[in-house]
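Okay, structure first, notes after.
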Amino acid sequence: MRCMVMVRATDESESETQAMPNAEIMEAMNRFNEELVQAGVMLAGEGLKPSREGKRIRFAGGRQLVIDGPFAETKELIAGFWLWQVRSMDEALEWARRCPPPFVGECEIEIRLLYEEADFAEVMSPELRESEARLREQLAERPR
């Protein structure tokens, strides 16, 4: 099963004077990422720039509205993520508990399971399954 592990933003990570993580945090996170890669758990992972550099698109009433960052509710924002391949939520939790604190001070990590193809078995037609398989093949063939 795959899961997304999200590092929640903090007031500091979203502030105008936001500083990059210190060397100690970066080194600890790098060691943790190495462990994840060596264990075959980590599929991807990145940090995200503050929401002031982002945009949202709201869909309502058949229309789209573009909203410029920054976004108000810091506690609802994501500052970074990993994509992990694990056997269970318990395994994901074990790995997350080994993670060094991503920020100085209070911070949170959230773990969410990804939907898998089998979760949509009742609503996906054979044509949709074939199309999905082609898309995944195309993605796998792309140079990185």
When rounded to the nearest 0.5 Å, the distance separating CD1 of Ile67 from CZ of Arg58 is 3.5 Å
Taking all non-hydrogen atoms of both residues into account, name the closest pair between Cys99 and Trp82 and its distance. SG-CH2, 3.6 Å
Would you please name every residue forming a side chain to side chain donor-acceptor pair (under 3.5 Å) with Glu122, sequence neighbours left out? none
Under 3.5 Å: donor-acceptor pair, side chain of Glu14, backbone of Ser51: yes
Can you check whether Arg52 reaches Glu16 side chain to side chain, under 4.5 Å on heavy atoms? yes
Just wondering, do Arg8 and Ile109 contact through their side chains at under 4.5 Å, heavy atoms? no
Please report the interatomic distance OG(Ser13) to CG(Leu77), rounded to the nearest 0.5 Å. 8.0 Å
Do NZ/NE/NH1/NH2 and the carboxylate oxygens of Glu116 and Arg2 come within less than 4.0 Å? yes
Specify whether Tyr115 and Phe120 have parallel, tilted or perpendicular ring planes, treating 30° as the upper limit for parallel and 60° as the lower limit for perpendicular. tilted
To the nearest 0.5 angstrom, please state how far the CE atom of Met42 sits from the CZ atom of Phe32. 9.0 Å
Heavy atoms, side chains only, cut-off 4.5 Å: are Val7 and Ile78 in contact? no
Got Phe81 and Leu48 here, is their nearest side-chain heavy-atom distance under 4.5 Å? yes
Which pair of heavy atoms, one from Gln64 and one from Phe59, lies closest together, and at what distance? NE2-CE2, 3.3 Å
Closest approach of Val41 to Trp95 (non-hydrogen atoms, all atoms of both residues): CG2-NE1, 3.5 Å
Count the heavy atoms of every other residue, nucleotide or ligand shown that sit under 6.0 Å from CD of Glu110, and state whether that count exceeds 12. yes
Glu137 side, atom CD; Glu132 side, atom CD - distance, nearest 0.5 Å: 11.0 Å
Short question: side chain of Arg97, backbone of Ala92 - any donor-acceptor pair under 3.5 Å? no
Distance in Å, Arg56 CZ paired with Leu65 CG, rounded so as to fall on 0.5 Å steps: 11.5 Å
Quick check: do Arg112 and Met6 have side-chain heavy atoms less than 4.5 Å from each other? yes
Where do Leu128 and Val123 come nearest, in terms of heavy atoms and distance? CD1-O, 4.4 Å
Got a second to check how far Ile25's CD1 is from Asn30's CG, nearest 0.5 Å? 13.5 Å
Near Met89 CE, under 6.0 Å, is it more than 12 heavy atoms from other residues, nucleotides or ligands? yes
Hey, are Glu127 and Arg129 close enough for a salt bridge, meaning a charged N less than 4.0 Å from a carboxylate O? no
Can you see which heavy atom on Cys3 is nearest to which on Val86, and at what distance? SG-CG2, 4.1 Å
For Glu53, I'd like to know if atom CD has over 12 heavy atoms of other residues, nucleotides or ligands within 6.0 Å. yes
Is the CZ atom of Arg136 crowded by more than 12 outside heavy atoms at less than 6.0 Å? no
